[in-house]
Protein chains: 2
Amino acid sequence: MPFTKDIATLCKDHGLRLTSPRKVIMQVLSESEDHPDAIELHRRVTKADPGISIATIYRTLNLLQEKGILEKHTFGDGPARFESAEHEHHDHFIDTETGDVTEFRSDEIERLQQEIALKHGFEIVSHKLEIYVRPLNAVRRQAKRDGS
Amino acid sequence: MPFTKDIATLCKDHGLRLTSPRKVIMQVLSESEDHPDAIELHRRVTKADPGISIATIYRTLNLLQEKGILEKHTFGDGPARFESAEHEHHDHFIDTETGDVTEFRSDEIERLQQEIALKHGFEIVSHKLEIYVRPLNAVRRQAKRDGS
DNA sequence: TTAATTGCAAATGGTTTGCATCCCC
DNA sequence: GGGGATGCAAACCATTTGCAATTAA
């Protein structure tokens with residue numbers, strides 16, 4: 001998903017130098033519709049510039065996260081995965097069979113969380129709702145296998 | 001939290017040998033009111049039997065999780081943390097300052113999740129709701145520091 | 001110019017594993 | 001007795017870091 005501002009502006013606004021590795025990494029990120037991890041991002045980035053090291057990937061990813069430009073997720077056990085933080089907050093379905101991620105949002109759940117946190121004497125800093133799922137047709141397939 | 005059955009029964013039911021390390025590890029787990037990670041558990045376990053290795057801790061933890069006796073969580077980045085899986089499902093508040101975990105449960109949120117998943121054509125396998133929080137008095141303290 | 005950024009390789013931290021030994025059932 | 005369980009140490013994987021060289025501002 002593209003960033004709201006262009007890369008040069010984004011860097012300037014956050015006091016980051018517009019270096020060539022940075023440009024490529026942010027470009028690739030802005031074109032990613034999924035939630036790549038560092039290794040996958042490195043794979044994509046090195047297609048444009050084979051010289052970019054994995055250390056730079058990690059450093060850039062962490063930097064952009066600290067600046068609030070990226071969001072970092074850890075689904076299940078796997079490696080950290082990233083996405084642009086520049087849209088409305090949302091939660092995730094993770095397909096347990098394929099690892100595919102689908103986004104969703106529920107104002108009602110958000111509201112309930114606020115309510116419950118308050119009741120417990122907490123202020124919410126952030127939250128993460130991950131629903132691990134199976135597509136319904138897979139259920140049917142499974143049921144058939146089980147002999148129904 | 002104590003297990004529902006005693007340790008010997010639990011092992012027998014799942015086809016696990018009742019070994020001496022296992023006994024100690026499960027005993028310590030059943031006495032833990034928190035969500036210890038492998039290192040912390042090892043620390044506690046070796047007080048009773050200094051010979052038990054960290055490898056056995058990991059192996060036992062994974063085994064018990066596969067058997068459905070334990071639940072495994074990964075809060076934020078940190079190491080995997082475990083708790084008995086033998087109570088009603090619940091979600092977690094994680095204090096961002098101390099790492100302390102508080103459990104809570106909302107039938108309404110559970111219901112909404114079902115509803116939303118269904119609407120997206122998914123069947124829920126499992127889910128994880130983690131709310132990262134700050135105690136409200138800490139907010140006040142912070143506000144004071146900021147000069148209000 | 002000069003401080004930020006990078007590449008490289010080594011280090012880290014949590015976790016897993018191969019293997020020889022051990023010990024429950 | 002025999003296969004599961006254990007301890008040890010080495011291996012692993014994702015990630016971080018020290019350092020010297022590079023480069024944007």
Side-chain angles (χ1 to χ4, degrees), chain A residues 6-29 35-46 48-67 69-70 72-82 99, chain B residues 6-29 35-46 48-67 69-70 72-82 99:
Chain A
D6 67 289
I7 292 169
T9 311
L10 220 39
C11 282
K12 182 169 294 178
D13 287 359
H14 288 90
L16 303 177
R17 281 193 191 167
L18 186 60
T19 67
S20 136
R22 210 107 92 185
K23 242 182 291 188
V24 178
I25 293 171
M26 294 181 75
Q27 185 58 46
V28 171
L29 276 172
H35 304 65
D37 61 32
I39 306 294
E40 173 59 25
L41 184 62
H42 187 234
R43 201 171 292 132
R44 296 179 193 177
V45 154
T46 46
D49 178 348
I52 297 175
S53 80
I54 188 68
T56 298
I57 299 284
Y58 279 109
R59 279 192 276 235
T60 304
L61 249 16
N62 287 335
L63 201 57
L64 296 182
Q65 192 217 340
E66 283 160 25
K67 297 297 186 185
I69 298 169
L70 289 183
K72 182 183 193 169
H73 301 285
T74 315
F75 299 132
D77 276 357
R81 298 171 62 174
F82 297 81
Chain B
D6 68 289
I7 292 168
T9 310
L10 219 41
C11 283
K12 183 169 294 180
D13 287 0
H14 288 90
L16 303 177
R17 283 194 189 166
L18 187 60
T19 67
S20 135
R22 211 107 93 183
K23 242 183 289 188
V24 178
I25 293 171
M26 293 181 77
Q27 185 58 45
V28 170
L29 275 171
H35 304 65
D37 61 32
I39 306 293
E40 173 58 25
L41 184 62
H42 187 234
R43 202 171 291 132
R44 296 179 194 177
V45 153
T46 45
D49 179 348
I52 297 175
S53 83
I54 189 69
T56 298
I57 299 284
Y58 278 110
R59 279 191 277 235
T60 305
L61 250 16
N62 286 334
L63 201 56
L64 296 182
Q65 192 217 339
E66 283 160 25
K67 297 297 185 183
I69 298 169
L70 290 182
K72 183 181 193 170
H73 300 285
T74 314
F75 300 132
D77 276 358
R81 298 170 63 172
F82 297 81

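Naming convention: chains lettered A, B, ... in sequence-line order (proteins, then strands); numbering from 1 in each chain. Note: hydrogens, waters and symmetry copies are ignored here, and every other heavy atom, side chains too, is used.
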My understanding is that only residues two or more places apart in sequence, or in another chain, count here; which of them pass side chain to side chain donor-acceptor pair (under 3.5 Å) with [X]?
X	answer
A:D49	none
A:T46	none
B:R44	B:S32, B:D34, B:E40

* Given salt bridge (charged side-chain N to carboxylate O under 4.0 Å, His left out), test A:D77 with B:K72 step by step and report yes or no. => CA-CA 10 Å; A:D77 276 357; B:K72 183 181 193 170; 3.6 Å; yes

Acceptor/donor pairs from residues 19-27 of chain B side chains to any protein atom, 3.5 angstrom cut, sequence neighbours excluded:
unit_1, atom_1, unit_2, atom_2, d
B:T19, OG1, B:R22, N, 3.3
B:R22, NE, B:R17, O, 3.1
B:R22, NH2, B:R17, O, 3.3
B:Q27, NE2, B:E31, OE2, 2.8

* To do: Please figure out whether A:P21 or B:D37 has its closest DNA chain C nucleotide nearer the 5' end.
  =>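 The residue whose closest nucleotide sits nearer the 5' end is A:P21.
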
With [X] via salt bridge (charged side-chain N to carboxylate O under 4.0 Å, His left out) - residues at least two apart:
X	answer
B:D6	none
A:E66	none
A:R59	none

Could you tell me the separation between the [atom1] atom of [X] and the [atom2] atom of [N], rounded to a whole number of Å?
X	N	atom1	atom2	answer
A:K23	D:dT23	NZ	P	13 Å
A:F82	D:dA14	CZ	P	13 Å
A:I54	D:dT17	CD1	C1'	15 Å
B:L16	D:dA5	CG	P	6 Å

* **Criterion side-chain contact (heavy atoms from CB on, under 4.5 Å) on B:R43 and B:I39, from CA distance to verdict** => CA-CA 6 Å; B:R43 202 171 291 132; B:I39 306 293; 3.5 Å; yes

* So which one's nearest nucleotide on DNA chain D is more toward 5', B:R17 or B:D49? ->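 Its nucleotide being nearer the 5' end, the pick is B:R17.
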
* **B:R22 side chain, from C-beta outward: closest of D:dT15, D:dT6, D:dG7** =>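 Closest nucleotide among those given: D:dT6.
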
* Shoot me the first and last contacting nucleotide of DNA chain C against chain B, ordered 5' to 3', at under 4.0 angstrom to non-hydrogen atoms. =>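 Terminal contacting nucleotides, 5' to 3': C:dG14 to C:dC25.
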
* Asked: Which ones in residues 57-67 of chain A lie close to DNA chain D, meaning a heavy atom under 4.0 Å from one of its atoms?
  ->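 DNA chain D contact set from residues 57-67 of chain A: A:Y58, A:R59, A:N62.
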
* Asked: B:A38 and B:I57: which non-hydrogen atoms are nearest, and at how many Å?
  ->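 B:A38 and B:I57 have their closest heavy atoms at O-CG2, 3.7 Å.
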
* Heavy-atom pair of closest approach, residues B:D37 and B:A80 ->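 Result for this residue pair: CB-O, 3.2 Å.
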
* To do: Give me the bend of the helix from C:dT1-D:dA25 to C:dC25-D:dG1, using the axes of the five pairs at each end, rounded to 10°.
  =>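 Taking the rotation axis at each end, their angle is 30°.
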
* **Sub-4.0 Å heavy-atom contacts from residues 72-81 of chain B onto DNA chain C, ordered by number** =>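 DNA chain C contact set from residues 72-81 of chain B: B:P79, B:A80.
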
* To do: Quick one: list whatever passes ring pair (Phe, Tyr, Trp, His ring centres under 6.0 Å) with A:Y58, sequence neighbours left out.
  =>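 So A:Y58 forms no ring pair (Phe, Tyr, Trp, His ring centres under 6.0 Å) with any residue.
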
* With a non-hydrogen cut-off below 4.0 angstrom, is B:I52 in contact with a base, only sugar-phosphate, or nothing? ->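 The residue B:I52 makes sugar-phosphate contact but no base contact.
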
* Remember a base hit wins even if backbone is also touched, and classify B:L18 as base, sugar-phosphate or nothing at under 4.0 Å, heavy atoms. =>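 Touches sugar-phosphate only.
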
* What distance separates B:F82 CZ from B:H35 NE2, expressed to the nearest 0.5 Å? ->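 Reported value, rounded in 0.5 Å steps: 12.0 Å.
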
* Go through A:L10 and A:L64 one step at a time and tell me if the side-chain contact (heavy atoms from CB on, under 4.5 Å) criterion holds. => CA-CA 10 Å; A:L10 220 39; A:L64 296 182; over 6 Å; no

* Within the structure, does a side-chain N or O atom of A:S20 lie under 4.0 Å from either OP1 or OP2 of D:dT23? ->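 Answer is no, no contact under 4.0 Å.
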
